[in-house]
Amino acid sequence: MNNIKGLKIKIFADGADIKDMEEARKQGIVSGFTTNPSLMKKAGVTDYEEFAKKVLAIVPDMPVSFEVFSDDFAQMEREALKISGWGNNVNVKIPVTNTNGEPTTELIRKLSARGLFLNVTAIMTAGQVGEVSKVLNPKARTIISVFAGRIADSGRDPEPYMKESAAILKSNPNAELLWASSRELLNIFQAEACGCHIITVTPQILKKIPAIGKDLGLFSLETVRAFHRDAVSSGYKI
């Protein structure tokens, strides 16, 4: 894929379908994987640990993020320690708050101090990034996942939020900013321009990568031909 070789940003595949993960790995485009409870439910996962072992068997040498499920901080900690033990390439996803809106910063401080490779997730504001950054062990690798796509879903431009987040994390060389919940191929280039280190993309977006830099005149012609082909095959008449 020569059309993405000039990019510095790392592309992580986001999903919970084993076949999609295998295909993404074979393509040689992605350098990591992320999952979450909603994606796992959609994919029909019923046994979390069994699923994780299957994923790690096909991805033993790239970062893979698995999330804690509990809403209780003490149980979150126990889950985080267990998940971390699944493999050296495992990132433990910790939500930025529990369901009551209580910040998880003290838990993040404790786990980061122990050297766990965390992925702090569901972040939406630069203020949250700032609070999390204060409690990180600067020697521990950490991913900060800001949900740029969901920020955009609220009618806001996510780029100023991502640029501010990148500036906050600049002093910590082991903290990587991740553009999460991507909506379109353009987001890859926007994320890189904002100073993000990583972007998560769906299998649907991965399939669009060959279109990067495509001649727009040719794209237009292909679109016209597709419309015509569908109209003819459907037997429409006016």
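Positions are given from 1, in the same order as the sequence printed here.
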Exercise. Any link between Leu7 and Val30 through a network of hydrophobic side chains (Ile, Leu, Val, Met, Phe, Trp, Tyr) touching at under 4.5 Å?
Worked result: yes
For this session: Please report the C-alpha distance between Val92 and Leu111 in whole Å, then the side-chain angles of each, then the deciding distance to 0.1 Å, and finally whether the side chain to side chain contact (heavy atoms under 4.5 Å, CB included) criterion is met.
Result: CA-CA 10 Å; Val92 182; Leu111 296 174; 5.6 Å; no
Exercise. When you look at CG of Asn174, are more than 12 heavy atoms from neighbouring residues, nucleotides or ligands closer to it than 6.0 Å?
Worked result: yes
Problem set entry | Joint hydrophobic cluster, Val45 plus Val59, side-chain heavy atoms closer than 4.5 Å | yes
Exercise. When rounded to the nearest 0.5 angstrom, what is the spacing between CG in Leu116 and CG in Asn91?
Worked result: 10.0 Å
Exercise. Among the clusters formed by ILVMFWY side chains lying less than 4.5 Å apart, do Leu39 and Val55 turn up in the same one?
Worked result: no
For this session: Heavy atoms only: give me the nearest Met62-Phe33 pair and the separation to one decimal.
Result: SD-CE1, 3.8 Å
Problem set entry | Contact summary for Ala166 and Gly195, nearest pair of heavy atoms | CB-O, 4.1 Å
Exercise. Is there a donor-acceptor pair closer than 3.5 Å between any side-chain N or O of Asp14 and the backbone N or O of Thr200?
Worked result: no
Exercise. Is there a chain of hydrophobic side chains (I, L, V, M, F, W, Y, each step under 4.5 Å between heavy atoms) that links Ile143 to Val120?
Worked result: no
For this session: To the nearest 0.5 angstrom, please state how far the CZ atom of Arg109 sits from the OG1 atom of Thr105.
Result: 7.0 Å
Exercise. Can you check side chain to side chain contact (heavy atoms under 4.5 Å, CB included) on Met124 and Arg156, steps first, answer last?
Worked result: CA-CA 11 Å; Met124 300 268 188; Arg156 297 174 173 88; over 6 Å; no
Exercise. Could you go step by step and tell me if Arg25 and Asp61 meet the salt bridge (charged side-chain N to carboxylate O under 4.0 Å, His left out) rule?
Worked result: CA-CA 11 Å; Arg25 181 175 172 80; Asp61 54 353; 2.9 Å; yes
Exercise. Above 12 or not: heavy atoms from other molecules or residues under 6.0 Å from NZ of Lys41?
Worked result: no
Exercise. Rounded to the nearest 0.5 Å, what separation is found between the CG atom of Asp72 and the CZ atom of Arg78?
Worked result: 7.0 Å
For this session: Without swapping roles, check the side chain of Gln128 against the backbone of Ile123 for a donor-acceptor pair under 3.5 Å.
Result: no
Exercise. Would a distance-only check, ignoring hydrogens and angles, find a side-chain to backbone donor-acceptor pair under 3.5 Å from Asn98 to Asn100?
Worked result: yes
Seminar exercise, completed: Heavy-atom nearest pair, Ile9 first then Glu192, reads N-OE1, 2.7 Å
For this session: For the residue pair Glu49 and Trp86, establish whether any side-chain heavy-atom pair is separated by less than 4.5 Å.
Result: yes
For this session: Find out if a path of hydrophobic residues (ILVMFWY) with successive side-chain heavy-atom gaps under 4.5 Å connects Ile212 to Phe12.
Result: no
Seminar exercise, completed: Lys93 meets the side-chain hydrogen bond (donor to acceptor under 3.5 Å, both in side chains) criterion, sequence neighbours left out, with none
Exercise. Looking at side-chain heavy atoms only, is the closest gap between Tyr48 and Glu79 below 4.5 Å?
Worked result: no
For this session: Would you indicate whether the side-chain heavy atoms of Thr35 and Phe51 approach each other to under 4.5 Å?
Result: yes
For this session: For Ala43 and Ala16, work out which heavy atoms get closest and say how close.
Result: CB-O, 3.5 Å
For this session: State whether the side chain of Glu159 and the backbone N or O of Cys194 hold a donor-acceptor pair below 3.5 Å, judged by distance alone.
Result: no
Exercise. If you take all heavy atoms of Ser112 and Val135, which pair is closest and at what distance?
Worked result: CB-O, 4.4 Å
Exercise. Looking only at atom types and distance, does a side-chain atom of Ser181 sit under 3.5 Å from a main-chain N or O of Arg150, one as donor and one as acceptor?
Worked result: yes
Exercise. Are more than 12 heavy atoms from other residues, nucleotides or ligands located less than 6.0 Å from atom CZ of Arg183?
Worked result: yes
Exercise. Run the side chain to side chain contact (heavy atoms under 4.5 Å, CB included) check on Asn36 and Thr121 step by step: do they pass?
Worked result: CA-CA 10 Å; Asn36 65 49; Thr121 191; over 6 Å; no
For this session: Please answer whether the main-chain N or O of Leu169 pairs with a side-chain N or O of Ser133 as donor and acceptor at a distance below 3.5 Å.
Result: no
Seminar exercise, completed: Closest heavy-atom pair, Leu177 versus Met162, reported as atoms and distance to 0.1 Å, is CD2-O, 3.4 Å
For this session: Applying side chain to side chain contact (heavy atoms under 4.5 Å, CB included), run through Trp179 and Ile188 and close with a yes or a no.
Result: CA-CA 9 Å; Trp179 177 301; Ile188 296 175; over 6 Å; no
Exercise. Distance from Ile58 atom CD1 to Lys19 atom NZ, nearest 0.5 Å?
Worked result: 12.0 Å
Exercise. Do side-chain atoms of Ser220 reach the backbone of Leu216 as a donor and acceptor pair under 3.5 angstrom?
Worked result: no
Problem set entry | Interatomic spacing from CG in Leu185 to CG in Leu206 - rounded to 0.5 Å | 9.5 Å
Exercise. If you round to the nearest 0.5 Å, how far is CG of Asn119 from CG of Leu178?
Worked result: 6.5 Å
Problem set entry | Donor-acceptor contact present, side-chain Ser234 to main-chain Ala231, <3.5 Å | no
Exercise. Under a 4.5 Å cut-off applied to non-hydrogen side-chain atoms, are Ile144 and Ser165 in contact?
Worked result: no
For this session: Output yes when Lys208 and Glu184 qualify as a salt bridge under the 4.0 Å nitrogen-oxygen rule, no when they do not.
Result: no
For this session: For the pair Ser84 (side chain) and Ala80 (backbone), establish whether a donor and an acceptor sit closer than 3.5 Å, ignoring hydrogens and angles.
Result: no
Exercise. Within the side chain of Thr104, is there an N or O that forms a donor-acceptor pair under 3.5 Å with the backbone of Leu107?
Worked result: no
